[in-house]
Every structure is written in structure tokens, then in C-alpha cells.
Amino acid sequence: MPRWQPVIGLEIHVQLSTESKIFSGASTAFGAEPNSQACAVDLGLPGVLPVLNERAVALAIRFGLAIGASIAERSVFARKNYFYPDLPKGYQISQYAEPIVNHGRLCLTLPSGEEKEIRILRAHLEEDAGKSVHDLFPGQSGIDLNRAGTPLLEVVTEPDLSSAAEAVQYMRTLHTLVRFIGICDGNMQEGSFRCDANVSVKPADSPTLGTRAEIKNLNSFRFVERAINHEIERQIELLESGGKVVQETRLYDPDRDETRSMRSKEDAHDYRYFPDPDLLPIVISADEIAAARAALPELPQQREARYLREFGLNREEAEALSSELPVAEYFEALAAQCGDARQAANWVSGEVFAALNRDALPFSEIRVSSGRLAGLLTRIQDQTVSNSMAKQVFEAMWQGPEDADAIIEARGLRQVTDSGEIEALVDAVISENPDQVAQFRAGKDKVFGFFVGQVMKRSKGKANPQTVNDLVVSKLKT
Amino acid sequence: MSRQDYPSTVAGLSAGLARGEFSSRELVAHCLARIRRQDAALNSFIMVIEDRAFAAADAADARRRAGEAGPLTGIPYANKDIFCTKGVRTTCASRMLDNFIAPYDATVVSRLAEAGMVMVGKTNMDEFAMGSSNETSYYGPCRNPWGVTRVPGGSSGGSASAVAARLVPFATGTDTGGSIRLPAAYCGISGLKPTYGRVSRYGMVAFASSLDQAGPMALTAEDLALTLNAMCGVDARDGTSADVPAEDFSRSLAEPLTGLRIGLPREFFDASLSPAIAAPLQAAIRVLEQLGARCMEVSLPTTRHAIPAYYIIASAECSSNLSRYDGVRFGHRCEAPRDLNDLYTRSRAEGFGAEVKRRILMGTYALSTGYYDAYYAKAQQLRRLIRDDFIRVFNEVDVILGPTAPTTAFGVGQKTADPVEMYLSDIYTTAVNLAGLPGLSVPAGFVDGLPVGLQMIGRHFDEATLLKVANRFQLETDWHQHAPTLKD
């Protein structure tokens, strides 16, 4: 039993996949020329007004339903007031007292196999700020407001996580979920999924929480784990040497692999939150919620469980096939079309993933539709082609538009199952290799493979391997 | 055609243009000449825009020749300098925005342009619309044409002064706590603050977003109706603009007042109302009764809290709305800032005037941790009670009537030393903004040669009734026809 128990809560900023910003018509596309995607509203020019992007609301509702949360009938945007050069209006529009999503949960399966439920306190809509650019002009800072006004959903957990590993697992599970339900592209390098962690430690038997520090700027799974572990160690060392943890915001520096103080509680801003008078409350009807619920796809964790149960896949396969909606849909369509989920799972996690990886393609650019692939798998099932020949056929399908049958015919890849034809080959191999026959008959079983290999080679791989096996056995033993 | 021959009202000018008695170019030239002659004494304009005005007048004349003129085509007007105008400076009467040119037109400005109106200039106002006397302007105080030692009222003082002096027949204003009605009353013109949401706020520099509302200022209720027709309507760029069916406010102007129920709030006519102001109001009430209206006493007990509630809410919102003026992207920036904090501090210290700073400080205080509940939250509760009070009274009456202001126009400099004394000028107007109701001020007489305003308050989105009452009143009285004598 460790003496100190870490207590961790995460705040994750999920960038919502909308075409335009949350309060303006400017594009949210990443990587444009600085300030080319900042309109008058994003610049905070005098007299302009925010107008809510309904799409962002719809995505927040979808998320709320996916974590079993309650969707607020009425939620309110507030202003968070502070001065910063990349904050054009001098306030950030965010939900404060009345967020759109309340009280959800996300279930983790721990390495022990035990399930753990992480409570999600709230998720609220807000706009992103711009960014300061310090390396472009010597002695001056530039400001790029392209990101200003990008819609974010901030997902806040209760302090339910008890280790850095658990925090990372939660983050991964959430990352999978938001991509699966199509509300976020999950691109962490581009800042689409960012994490702040609240970390404290307490004596294992104490009911009272310790003083927490908030660590900002955690934009990879690795950094989250390292930063939290560092912070836990720092706090334990501090407490064990008789010191006290102070409430503060700390910044993680991945280059030095350390956290350092950014501002203490005393320096904390008074954000002077108040309801934003430019925006009416968001009112969501029961009908809208019902429609969003009906449109929600079966979620990754439920699918994974079903794949284990119905298809007999192992956990690793089930997870790989269920964590992205297009993959899961492809797999399920393929399984239905070829009638063999086991075979479908092998092919998707084998050849399909390998080809995508090799060509560095996203799943959305898959070259072989589930229908075409099912055509090939059917030909394996009816023994038109062997499994290994099928891989050649698949490669040809990947490179071109033809379906399996056309390729099999054109390239003469049809499997030879006629035992007469194969028998002739077996006889030829046996008669041409008397030494090996002698060895086999002397009890050297390994030579068996030599005969099979030779026959397959002479058939150019087209002979049905099972038939070859059977014939070699019967010929050698007589 | 000599200047005396031009009609003074929008309706009159509209008819003259339609009959071809004069062109828009001639009319605009006449207005510009009058501004040149008279405005040095009044300071009602921050800028006059001759070139663009003539170009717009020529376009309006061409439109008329093409048979495509509407009732407002070719009529000159002025915009309060709080409305953004593409390519023309929008200063909000602040040093902060002295150099600011918006890349867009306010919705009000573009709608009036679509109607063919010709902007001749932008009018003086209190800085960021914060003031009741037009004395907080960076460009100096505006004067009242009824006596240049008097204030025109604020914050839309320049618009009221320009209309009263017959420099333009119509000007836009904005009203956050009385900023259209108070100057209308002080300058003896008609001014309407529409229902919150009736007119788009897009492109109108924000003071207090939940209270700000644009409206027309003109000589007659008939002109208010004509111009409101063009200004109002839902706007996709303002989420708080109301999607209510369009109506023609001119159509019901002439309807009789028979059976109309008018409420006279006890709290507006108590001993605190000066007898001098009360007398013309009583006379006006008798006129309306003769027209068939029934007057009855009503009570609005919570309105006595309107001033404190208003100054907390308006200041809180302004403290946030004015944060964007930080010297970073536009507006005034101090010379050679040492660091970021210095840039913020000096740019704002130099760019804002004293009254604006006072409001930002009050609002920041009211929203601070530990004070929010005692001030901002409490003020919002009062706001709901005030609104409920009005809605209750509107179950019994159709219009509420009272004074627009507790006094006539006071002297320039008379109240600048005492902000609270200044704030009390708005005692009858702020409750209307807090409740989001339409309010209209019409001239109802004179005291010592200075105009007295009569305020009418209507139900939400019932501007039509207010305009009808005001129009019928003006058909029976001539207070709105009195023009100040100006030295040439």
C-alpha cells in the first residue's frame, strides 16, 4: 500500500469539427497564412456581434449523449474577462454557471480487467483564443488570430483518476470516442485535443483531498503521463520534507521534462464572469435531443463488447476494429457480405491495415470497398483461390479498379483442385527425387515439406495445398 | 429655391422630391450650407462628408429618374458617430477611436442607404454614449439650439441638436438609458427608442449590450414612423435582434384614440416632479383625453430602483465591452510602450476620458468576486422586478405616460462636477431600457423658453401605438413646429 495516493482530474479541450468558427463565418481550417482566417468578429472590431454556430451546439449535444450525460434545456454563454494580446475582445466567450452538458461518465477497462467509471462533471462550449508568435520578428511578438473563435468543448472530469497511467487511459478512451462520433479530428499536433491536469496527493487513508496544482500545456499522451508523474513526485517530495503544496498553475516544459510555476493563486485572475448579453441562452428541446440520440451510432465500447460476444474476436482485434467508425462500419459490412466475421476480421486487421500503412493512407481513402473485398473472400471460401494467392489478388485490387473474379481470370490464378492434374505433378516430383524419398522412408519426416514445396512450385502456387498434402502423404506411404 | 421653401420634415421633403420640386443634390447642398453656417455654434457634427453626400444624392436622383425611388430616397440625414460607416471614421466621440475606420457599415447604416437616404455627416455624442449632456465628447460639448449655453442632453446630443436646428430632417440615435429621449426632450424634437431587438445592433459600437437600442430622431412622429420602417427588422448578424413580422408604422398613425387607456404612474407624478414640468404634461393629458383616451393612475413601485440597477448593469457590461480597446489591433496606441502592461495602461489611460473610466471602474467593481452577488446579481433581480411591474400595468393600460426628464436642458458645465446629479437626469428613462420596452419623447411645451418632453412607454413591440398617440397629439398641438432662432 503506497503511503501517498494521487488524485487527478483532467480538463480536455476538444476542438469541434465545424467548417466555420463558433461565433463567426471565418474558416477553421488549420495552417493558413497568419490572420487570413480572422474576420471582423474574430478581431473584436467595434460594433460587431457574435452569432452562434448551431453546428457546434449539435456536436456538443452528440458528445453529451455519448457519455450518458444530461443535456441542459437551457445553457448560457458567459464572458471570462482578462487582458491578453491574443484575446481580441478582452474576454473569452465560454459557458460558466450553466454549461450545455452535465454529469456524464466514461468507463475504463483497467489492465487488471477491472472496470472503472470516471465521472465527467461537465462539458461546456467556448471559443479558442489566438496565439502569440514570438520567433518571427526580432524583439517583437506577433499575433495570429486564425485560431481565435475556433469552437472548443471543454470536458471536465471529477477527480476520479488515481494514476498517470489511468489519466492517459481516460484520455485515450475520450480521444477514441470524440473521433468515433465525428465531433473532433483528434489531431493533437494541431492542437485539436489538449489537456490540462489537476494533480494532488493525499495520505492513502485520508478522506480529505490535498492542495492541487494545475498543469497546463499537455498536448500528447506521453507528456501527460510524464508531467503527471513528475508532479506527483514533486508533491510527495515536498510533503515528505515537511513542505506544503501551494495552489498554483504550472506549465509543463517537454524539452526539460519538468513542470514549473506559472502563477500562484494570489496572482490568479478575477475573471469577472457574467452572462454574455450579446448571445441569447441556448434552448434545446426534448425533440432535438431525441433526434440527436436516434442519430448516435453504436459507440466503440459497446461495439467492442459485441465483437467479443458475437464474433468471437479477441480483445485486441475487437478494439482495433471498433475504435473508428469507418473501420467498424467497413468490418461489419464485410463480415455480413462474406458471411464470415472471423475471416473478415483477419483481412481487415491484416492485409487492409498493412496496405493503408504502407501507402500512408487514412482509412477514408481505402482503395478496396467492402463489397469488392467480400468478392475475394468468397473466392477463398469456395476454394477458387488459395489464401496466399488471394493476397496477390488483393494487391491487384488495391492498385486497380477490377474486382476479384476479373483478376483471377486474367492472371490465371484459379486454384487447381483437380486431383488428377496434381497427382501427375506429385508423381513427377517423387520420381525425380529418389534421395529424398529414401530419406523420408527412413523416418526423416521433415522432408515431407520439400515434396509439398516442389509440387506447389511446379503448379505456380495454384495447386490446392490441401490436395497436394493429401496426395504426397498417400504416394509416399505406399 | 430659397432655403425657407424647403419643407422641414422627412414627409414634406419626400413629397417635394416626389413632385420634382427639387433634386436630392439641391437638398443636400442646402443642408450642407446650413451646417456650415450654423454648426460652428452648435458643434453637433463630428464630421461632415460632402463628397460622399453629393455622390449619394446623385445616385438617389438617378434612382428617382429610373422610377425606383422609395419614400426616403434622396433625403439627407446624419448618423450618430456610434454607427460604423465603411470607409468613413467612426469615433464614438473618443480619442480611442479618433483614427478608426470600420471596414463595414452598421446594419442601420446599410438599411438607410438601401432606402436611398443620403448621409451628410456624423453627429456628436457623449464618449461611447456615456453621458446625459453630450459634455463627455472628445470633440467638445455640443450645444442646445434653444440656448447655446445649455446642453442638448445626451448621449445623442449631436443628433438632437442637428435636427432641432433644422440642419438635417432626421438623424439616428442610440438609447441605452435615455440617450435618444432625453436629448429629444431637451431639444424639442421627437425621438423613439424602439423595443430591444427591434433594430439590429450590428455595427453599432457597444456600450451596454443588453440595453443598447438604435432609434430615429426627427421633428414629428410621422417622420419617426417613416424612418423606423427602414431601420428595423431581424438581422442574421445580431443574435439578439427580434424576428417579428414586418409592419408599416406609417399605416396606423391616423387611427383614432377612442378607448385608448393611458396609465399615469403615481411615481412619475409625485411631489418630486417640478410643477413647471408638470404643467405642460397636464395640458398634454387633457389633449389626449379630448381625443378619446382614458387616463388612469397606475403604480410602478419598483421603478424607483431603476437608476441604481441601470448604472450597475450598464457599467458592468461596458467594463467588458470596452476591454477590446487595448491598443493592440486598432484605435489609440500610446507612443513607445515599454512592455505589454505599459501598452495597455497608457493606451487606455490616454484614449478614454474621465466618465468612461469611471464607468469601467464601477462595472469592474460590480462584477468582481465578492461583490458580484451584492451588485450585479441584485441589479439583475431588480431588472426582472421592474419588467414585471410594467407588464402588470400593461394588463390595464395601453400606454404609460410621464415626463421624459425631471428638468429642462441645464447649463453647460452645471452638472459635470457631480456625476450622481448627472445620472439622475435619466430617472424617468432608464426603467424603460431595463424592461426592454419602446419609449417615445415628443415636445409638449416650453418652460422659460426651453422645451419640455412628454414620454410615452408602450408594450413590447407596440411602437405602432406610441407612434399613433404621438402623431394624433401632434395633429392637435404645434410644439413640434416651434423652431429655435439661430444667429446666421
Side-chain angles (χ1 to χ4, degrees), chain A residues 22-25 35 38-54 57 76-93 96-97 130 132 134 139-145 148 265 268-282, chain B residues 82-84 90 92 94 96-97 100 102-107 128 197 200-206 208-212 235-241 313 316-317 319-331 340-341 343-344 348 363-372 376-377 380:
Chain A
I22 185 167
F23 299 120
S24 84
N35 297 311
C39 69
V41 173
D42 306 322
L43 291 168
L45 292 185
V48 298
L49 295 168
V51 177
L52 179 60
N53 181 342
E54 296 294 339
V57 176
V76 175
F77 283 106
R79 293 184 182 178
K80 179 180 182 179
N81 294 283
Y82 65 98
F83 284 100
Y84 204 71
D86 65 17
L87 188 71
K89 298 184 294 297
Y91 57 85
Q92 179 196 25
I93 304 177
Y96 180 59
S132 299
H134 299 298
Q140 295 185 2
S141 290
I143 296 162
D144 179 3
L145 294 176
K265 193 187 177 187
H269 292 114
D270 180 352
Y271 291 118
R272 308 189 314 278
Y273 283 99
F274 74 106
D276 190 330
D278 286 332
L279 292 157
L280 300 176
I282 302 175
Chain B
I82 198 169
F83 292 97
C84 287
T90 299
C92 236
S94 179
M96 184 60 86
L97 289 178
F100 177 68
Y104 43 84
D105 276 331
T107 297
F128 283 102
S200 168
R201 293 187 294 115
Y202 181 84
M204 194 175 111
V205 179
S209 312
S210 75
L211 300 160
D212 293 344
D235 180 4
R237 291 177 298 183
D238 175 3
T240 63
S241 71
I313 291 169
E317 292 183 13
S319 73
S320 175
N321 280 335
L322 271 60
S323 295
R324 67 189 61 200
Y325 307 106
D326 57 5
V328 174
R329 296 165 313 285
F330 54 81
L340 182 61
N341 237 342
L343 168 70
Y344 286 155
R348 288 168 68 80
T364 302
Y365 183 84
L367 289 174
S368 297
T369 304
Y371 300 97
Y372 182 93
Y376 185 78
Q380 288 291 15

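Sequence lines set the chain letters: A, B, ... in the order given, protein chains first and strands last, and positions in each chain run from 1. Just so we're clear, the structure is a prediction, and the values are computed from it rather than from any experiment. Below, each value reflects all heavy atoms present in this structure, side chains not excepted, and no hydrogens, waters or symmetry copies.
With sequence neighbours excluded, the residues that form a ring-ring contact (aromatic ring centres under 6.0 Å, His included) with Tyr371(B) are Tyr365(B). Applying the salt bridge (Lys or Arg N to Asp or Glu O under 4.0 Å) test to Arg79(A) and every residue at least two apart in sequence or in another chain returns Asp276(A), Asp278(A).
If you measure heavy-atom distances from Val51(A) to chain B, the contacts under 4.5 Å come from the side chain alone. When heavy atoms are compared at a cutoff of 4.5 Å, Thr364(B) approaches chain A by way of both its backbone and its side chain. The contact between Ala236(B) and chain A is made entirely by backbone atoms, counting heavy-atom distances below 4.5 Å. Looking at Ala316(B), the atoms closer than 4.5 Å to chain A (heavy atoms on both sides) all sit in the backbone: N, CA, C or O. When heavy atoms are compared at a cutoff of 4.5 Å, Ile143(A) approaches chain B solely by way of its side chain, counted from C-beta outward. For Phe100(B), the part sitting under 4.5 Å from any heavy atom of chain A is the side chain, from C-beta outward, and nothing else.
The candidate from Leu343(B), Thr240(B), Leu97(B) with the greatest count of non-hydrogen atom pairs under 4.5 Å with chain A is Thr240(B). Among Asp212(B), Val328(B), Thr369(B), Val205(B), the residue making the largest number of heavy-atom pairs under 4.5 Å with chain A is Thr369(B). The most heavy-atom pairs under 4.5 Å with chain B, out of Leu43(A), Leu45(A), Val48(A), Leu280(A), come from Leu45(A).
Contact detail for Tyr273(A) and Tyr372(B): the closest heavy-atom pair is O-CE1, 3.3 Å. In terms of heavy atoms, Leu49(A) sits closest to Tyr202(B) at CD1-N, 3.7 Å. In this structure, Ser320(B) and Asn81(A) approach most closely via the heavy-atom pair OG-OD1, 2.8 Å. The shortest non-hydrogen separation linking Tyr104(B) to Ala40(A) is CE2-CB, 3.8 Å.
Contact check for Arg329(B) versus Leu145(A): side-chain heavy atoms found under the 4.5 Å cut-off. Side-chain contact check for Leu340(B) versus Pro85(A): some heavy-atom pair is nearer than 4.5 Å. Between Pro46(A) and Phe128(B), the closest side-chain pair of non-hydrogen atoms is not below 4.5 Å.
A distance of 11.0 Å separates NZ of Lys89(A) from OG of Ser323(B), quoted to the nearest 0.5 Å. The CZ atom of Phe274(A) lies 6.0 Å from the OG atom of Ser319(B); values are rounded to the nearest 0.5 Å.
With hydrogens and angles disregarded, no donor-acceptor distance shorter than 3.5 Å links the side chain of Arg324(B) to the backbone of Pro88(A).
Below 30°, between 30° and 60°, or above 60°: for Phe83(A) and Tyr344(B) the angle between ring planes is between 30° and 60°, a tilted geometry.
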